[in-house]
Amino acid sequence: MINSGDTAWIISATALVLLMTLPALALFYGGLVQAKNILSVLVQCFAVACVASVLWFACGYSLAFSGSGPWIGDLNAALLANVTRSAPHPGTAIPESVYVMFEMAFAIITPALIIGAYVERIKFEAVLLISALWLLIVYVPVAHWVWGGGWLAARGVMDFAGGIVVHVTAGVSALVIAAMLGARHEFPHGIRPPHAPWMVMVGASLLWVGWFGFNAGSALSAGGDAGMALLATHLAAATATLVWMAIEWIKFGKPSLVGAVTGTIAGLACITPASGYVGPLAAVLLGVTASAVCFTAVLLVKRVVQVDDALDVLGVHGVGGAIGSLLLPFLTLLGGGVTLARPVMAQFAVQAIAVMVVGAWSAVATFAITKLAAWTVGLRVDLETETQGLDFAAHGETGYHVNR
Amino acid sequence: MKLIIAIIQPHRLDAVREHLTGIDIAGLTVTEVRGYGRQKGHTEIYRGAEYQIAFLPKIKLEIAVPDGRVDDVVQAITAGSRTGKIGDGKIFVLELEQALRVRTGETGDNAL
């Protein structure tokens, strides 16, 4: 039976999750790049969203959520042929169409997250090809393993809204692409600072609001789980923001806006896998952990590993999603948490296996996809295009016609 | 006639304008420019990474004055722009060969 309350909430949540990509993530990333590359980032986000949507219709949804094989779904729902008006999605009280669309919004934002790794130097052809292949070869199987009845679901993995499926896959893949693509030519010392920190804040704020749909919508119903996920999501974001700000204030003498909103996103990525499973106190603790660990991870990638993951997709999203996934079994023991189906250490083992295997699969598959793109369309623009900026050189447009 | 070019801190522009108005200087031209001197830019920190900002935003003033007013104007600009910190800027005084008011055709000191 379709429940109108559940359906109304998930339709609203779907809109919120799409808002996270268009325009939230686009603005968050767009403000962080140089003025000459702002439009390239926006068009990359827009195009990836559309590519993912069409592929989701063609076979992505079916391979992720139709059939119950351990590794991959089947093609029974390819072209969404079997979506009827009346049938609810199994195990929920929402129409199949709404479930397809809600999950589509997740399939849109996950490859879009990776954009942060390769901005300011990648060919647009490579963006399209890598995103398309990545959706089908990395995202779709992992979504099936964790949410579609695959082998990790059978082991009882807990990933409420995508700490593993979304953030670990995107974070690890981002690092692989960034390493294979090579750094921007000025990296690390000549890189220009973010051209519009205010835009980063607007994007982060929209992401924060959108995340209510992402996490509370993942309850797939309008009830107690959605409510607790909403509360936990907000508290983790607020706490992580304050902690990142405090770290910068102590370490550099000034609390920056870009730092504060980076903390917000780290907190949101970290609470994602745990959001529907834990209570308010656990969310605050995760917020603290998120900023402390992600701040360190960002510095590690940039200074020690020296990979130009330009907008810190691994350091913020990947690491945030992973620590939330690993800590959630312990945090369910605090007030407001769910009861685990197995002893806490056994659950932790399942979580650890999931994070490691998903991370490894993301790395290997992304390596192959990026190699293929390098051989076919090529990865990088030439140095002149990179220096001139992708906006005009690759898209024939200019972001700002001010006083010119 | 002399042409006075001053490079100042953007946030001192209003103070400089007040000082110049105070000594009845009738007009000036302002340009937003970027540059560096001995200050050599500054660093900004985003997400823990230091960025070198080599060219800092500055304001360039251009004022044409009769020979007799040069000292007053230089003094007014200095009074308005000086904070005592590195980066306060510089003032240059150049010979000015001719001036012409477009509307009336007046030339020389009468055009200033």
Side-chain angles (χ1 to χ4, degrees), chain A residues 28 31-34 116 183-184 186-197 200-201 204 244-245 247-266 291 294-304 306 308-316 402-404, chain B residues 3-18 20 26-64 77 80-81 83-92 102:
Chain A
F28 183 67
L32 286 168
V33 299
Q34 301 171 70
R184 290 167 288 176
E186 313 100 323
F187 184 83
H189 299 298
I191 296 283
R192 311 290 307 149
H195 92 281
V200 183
M201 180 274 181
W244 194 295
M245 218 189 284
I247 294 173
E248 282 200 343
W249 209 337
I250 293 165
K251 207 168 150 62
F252 306 124
K254 292 175 184 175
S256 77
L257 173 68
V258 169
V261 304
T262 304
T264 312
I265 303 305
S291 278
C294 292
F295 182 88
T296 314
V298 166
L299 290 190
L300 266 179
V301 171
K302 282 223 166 85
R303 294 188 187 173
V304 182
Q306 297 230 330
D308 189 14
D309 173 6
L311 312 182
D312 307 306
V313 185
L314 177 70
V316 176
V402 183
N403 294 337
R404 291 283 183 277
Chain B
L3 179 67
I4 298 172
I5 297 178
I7 311 290
I8 64 167
Q9 302 259 43
H11 66 96
R12 302 307 302 172
L13 177 61
D14 283 341
V16 169
R17 193 187 56 79
E18 276 167 30
L20 290 171
L28 79 160
T29 306
V30 172
T31 322
E32 290 178 17
V33 294
R34 298 188 305 152
Y36 65 91
R38 285 190 291 182
Q39 188 183 10
K40 291 206 177 61
H42 68 209
T43 58
E44 292 179 10
I45 300 177
Y46 296 92
R47 291 186 175 173
E50 280 195 4
Y51 294 85
Q52 295 294 328
I53 311 296
F55 297 99
L56 296 181
K58 298 282 176 189
I59 292 286
K60 183 168 86 168
L61 308 172
E62 287 166 297
I63 312 165
I77 296 173
S81 62
T83 68
K85 295 195 198 113
I86 194 159
D88 274 353
K90 287 200 170 63
I91 300 172
F92 308 105
V102 173

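Computed over heavy atoms, backbone and side chain alike; hydrogens, waters and symmetry mates excluded.
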Between the side chain of R47(B) and the main-chain N/O of L311(A), is any donor-acceptor distance below 3.5 Å? yes
Honestly, the part of R192(A) sitting under 4.5 Å from a heavy atom of chain B is both
Interatomic distance, CD@E44(B) vs NZ@K254(A), rounded to 0.5 Å, equals 9.0 Å
Check your understanding: Is the shortest heavy-atom distance from the side chain of I53(B) to the side chain of P193(A) under 4.5 Å?
Key -> yes
Looking only at I247(A), V316(A), V258(A), I191(A), the option with the highest number of non-hydrogen pairs under 4.5 Å against chain B is I191(A)
When every non-hydrogen atom of F252(A) is compared with those of G48(B), the smallest separation belongs to CZ-CA, 3.6 Å
Interface check, chain B: of T262(A), L32(A), V298(A), most non-hydrogen pairs under 4.5 Å belong to T262(A)
To the nearest 0.5 Å, atom OH of Y46(B) lies from atom CG of D312(A) at 14.5 Å
With chain B, the option among P194(A), G190(A), S256(A) that has the most non-hydrogen atom pairs under 4.5 Å is P194(A)
If one checks every heavy atom of P188(A) against chain B at 4.5 Å, the contacting part turns out to be neither
